[in-house]
Amino acid sequence: MSHTAVPDDHPRSASLRTRHRIEAGIDAGITSRQGLIAEGRGEAFDYLIGERTIESAAAAERAAAAHLLRAESPVVSVNGNVAALAPEAVVDLADATGAAIEVNLFNRTEARMDAIADHLRDHGASEVKGLTADARIPGLSHERGKVDADGIHAADVVLVPLEDGDRAAALAEMGKTEIVVDLNPLSRSPQAAAVPVVDNLVRALPAITEHARDLRDRPEEWDAIIEGFDREAALADAERAIRSGQLE
Ligand code: PTJ
């Protein structure tokens, strides 16, 4: 079934369209085949959470916006699933917060790095980092640890949607404030994050952008929003929502 063949009145039309974006990402050399498995896991959690932004995730999204706005050198990290699912949203978020965009892959190849950077530029990104790879994340094996010295390596706040657990932990170990978007609250990446956002990235990224636009001219509010966010409570609330299975 092609993208246009998904009927609007199909009860799962949104998730079918998302799935097609991942398929197209694979065809375009952007998304890894493992990205399909990640998408399937994400869909299962999204179904259980009711395919909506729960209240604690909305609070996390506001805290994420305040962190990105307050940061000296914020970076949005992009992998093959994020590039396929939400390239416009990544560029909008970077514009709204002043964050740099860096491609950082689990299954890194030069061909995929270039395809993703081109894809992001086609969607309006003026600068895409990650191709220089002149620094390393300590403690991670060669390909996975490659980052730009003036990008993720120097960043104080990093937004890592759909990160693998090892790298999320290694970035936290480097002292970075991490914002992780992941629908599985039990996965190691949100567990390691200062701000775990348990929401679908296709909802989370535009929501963070909206909060950033709202908060941009009110810096006096940032500290209170950041300090008022309770990461443990957010993780527990998401787990409760998933386990209770009370769909709206
Ligand atoms: O492009 P690469 O080479 O960097 O590879 C990226 C993937 C995603 C393949 C790699 O990081 C990976 O294998 O990820 P995992 O270990 O499968 O973890 C993916 C996590 O993201 C799981 O916890 C999923 O529930 C979650 N997830 C998947 N899709 C979404 C999501 N969370 C939020 N929004 C989604 N759309």
Side-chain angles (χ1 to χ4, degrees), residues 12 14-26 28-54 57 60-61 64 76-87 89-90 93 101-117 119-120 130 133 137 140-147 152 158-171 178-193 195-208 235 238-239 241-242:
R12 310 204 53 72
S15 92
L16 288 177
R17 281 203 194 89
T18 305
R19 204 178 279 187
H20 286 309
R21 282 194 161 207
I22 294 287
E23 272 185 310
I26 290 172
I30 287 171
T31 309
S32 74
R33 282 186 300 166
Q34 285 183 24
L36 273 175
I37 298 166
E39 167 67 17
R41 294 169 71 192
E43 275 186 30
F45 283 108
D46 206 14
Y47 180 82
L48 291 171
I49 216 162
E51 294 174 345
R52 68 200 154 112
T53 300
I54 58 174
E61 284 156 2
V76 180
S77 177
V78 174
N79 67 13
N81 282 52
V82 178
L85 290 177
V90 167
L93 176 60
I101 299 173
E102 178 158 342
V103 184
N104 187 244
L105 300 181
F106 181 71
N107 302 295
R108 183 184 175 113
T109 66
E110 289 315 306
R112 282 186 66 219
M113 293 295 294
D114 288 342
I116 293 172
H119 186 62
L120 291 168
I137 303 171
L140 277 186
S141 57
H142 196 60
E143 292 302 315
R144 292 167 57 218
K146 285 185 174 175
V147 286
I152 288 178
V158 192
L159 174 82
V160 279
L162 268 79
E163 187 54 87
D164 79 280
D166 276 7
R167 195 162 40 204
L171 286 171
E178 260 187 293
I179 302 160
V180 167
V181 181
D182 192 319
L183 276 157
N184 178 4
L186 299 175
S187 139
R188 275 190 305 159
S189 350
Q191 295 278 342
V195 182
V197 180
V198 184
D199 199 4
N200 195 318
L201 80 96
V202 302
R203 295 189 298 271
L205 298 185
I208 298 171
L235 287 168
E239 189 179 340
I242 288 168

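No hydrogens, no waters, no symmetry mates; every other heavy atom, side chains included, goes into these values. Each ligand, and each atom within it, is numbered from 1 in the order the structure gives.
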Worksheet item: For Leu105, is at least one N or O under 3.5 Å away from an N or O on ligand 1?
Response: no

Practice prompt. Walk me through it: do Glu163 and Asp182 pass the test side chain to side chain contact (heavy atoms under 4.5 Å, CB included)?
Written response: CA-CA 8 Å; Glu163 187 54 87; Asp182 192 319; over 6 Å; no

Response to the item:
For Asp199, the ligand 1 atoms with a heavy-atom partner under 4.0 Å come out as 33 (C), 34 (N)

Discussion item. For ligand 1 and Phe45, I'd like to know whether there is a polar contact (N/O to N/O, distance under 3.5 Å).
Written reply: no

Worksheet item: Which residue and non-hydrogen atom of the protein lie closest to atom 6 (C) of ligand 1, and at what distance in Å?
Response: Asn79 ND2, 3.6 Å

Worksheet, complete the sentence: dist Thr18:OG1 -> Asn81:CG (nearest 0.5 Å) comes out at 11.5 Å

Worksheet item: In Å and rounded to the nearest 0.5 Å, what is the CD to CG distance from Glu102 to Leu120?
Response: 12.0 Å

Worksheet item: Is any N or O atom of Gly80, backbone or side chain, closer than 3.5 Å to an N or O atom of ligand 1?
Response: yes

Discussion item. Checking Asp46 against Arg203 for the side chain to side chain contact (heavy atoms under 4.5 Å, CB included) test, could you report, in this order, the C-alpha distance in whole Å, the side-chain angles of both residues, the deciding distance, and whether it holds?
Written reply: CA-CA 11 Å; Asp46 206 14; Arg203 295 189 298 271; 2.7 Å; yes

Worksheet item: What's the shortest distance from atom 22 (C) of ligand 1 to any protein heavy atom, and which residue and atom give it?
Response: Asp182 OD1, 3.7 Å

Worksheet item: How long is the span from the CG atom in Asn107 to the CZ atom in Arg33, to the nearest 0.5 Å?
Response: 10.0 Å

Discussion item. Testing the basics here: between Leu205 and Ala86, what is the closest heavy-atom pair and its distance to 0.1 Å?
Written reply: CD1-CB, 4.1 Å

Item to complete: Write out the residue and atom name of the closest protein heavy atom to atom 13 (O) of ligand 1, then the distance separating them to 0.1 Å.
Response: Gln34 OE1, 4.0 Å

Discussion item. Can you confirm, on distance only, whether ligand 1 has an N/O atom lying under 3.5 Å from any N/O atom belonging to Leu85?
Written reply: no

Worksheet entry | Atom indices of ligand 1 within 4.0 angstrom of Asn184 heavy atoms, with elements | 23 (O)

Worksheet item: Is any side-chain heavy atom of Ile152 closer than 4.5 Å to a side-chain heavy atom of Arg167?
Response: no

Item to complete: Would you mind checking which non-hydrogen protein atom is closest to atom 32 (N) of ligand 1, with the distance to 0.1 Å?
Response: Leu183 N, 3.1 Å

Fill in: Spacing of Ile37 atom CD1 and Ser32 atom OG [to the nearest 0.5 Å]
8.0 Å

Worksheet, complete the sentence: the protein heavy atom lying closest to atom 4 (O) of ligand 1 turns out to be Phe106 N, 2.6 Å

Worksheet item: Strictly under 4.0 Å, does any heavy atom of Asn200 approach an atom of ligand 1?
Response: yes

Worksheet, complete the sentence: Note: heavy atom closest to atom 15 (P) of ligand 1, options Arg144, Arg41, Arg203, belongs to Arg41

Worksheet item: Would you say ligand 1 has an N or O under 3.5 Å from any N or O of Arg112?
Response: yes

Worksheet item: Is there at least one pair of N or O atoms, one from Glu163 and one from ligand 1, spaced under 3.5 Å apart?
Response: no

Item to complete: Begin from the C-alpha positions of Glu239 and Leu186 and carry the test side chain to side chain contact (heavy atoms under 4.5 Å, CB included) through to its verdict.
Response: CA-CA 8 Å; Glu239 189 179 340; Leu186 299 175; 3.4 Å; yes

Fill in: side chain to side chain contact (heavy atoms under 4.5 Å, CB included) evaluation trace for Arg112 with Glu110
CA-CA 6 Å; Arg112 282 186 66 219; Glu110 289 315 306; over 6 Å; no

Worksheet, complete the sentence: Of Leu159, Leu93, Val90, the one forming a side chain to side chain contact (heavy atoms under 4.5 Å, CB included) with Ile101 is Val90

Worksheet entry | Proximal ligand 1 atoms for Gly35, defined as those under 4.0 Å from one of its heavy atoms | 9 (C)

Discussion item. Checking a contact table here: which protein heavy atom is nearest atom 34 (N) of ligand 1, and how many Å away?
Written reply: Leu201 N, 2.9 Å

Practice prompt. Return a yes/no value for Glu39: is any of its N or O atoms, backbone included, closer than 3.5 angstrom to an N or O of ligand 1?
Written response: no

Worksheet item: Tell me: protein heavy atom nearest atom 19 (C) of ligand 1, and distance?
Response: Ala38 CB, 3.9 Å

Worksheet entry | From CG (Asn104) to NZ (Lys146), nearest 0.5 Å | 11.5 Å

Worksheet item: What is the closest protein heavy atom to atom 21 (O) of ligand 1, and at what distance does it sit?
Response: Leu162 CG, 3.5 Å

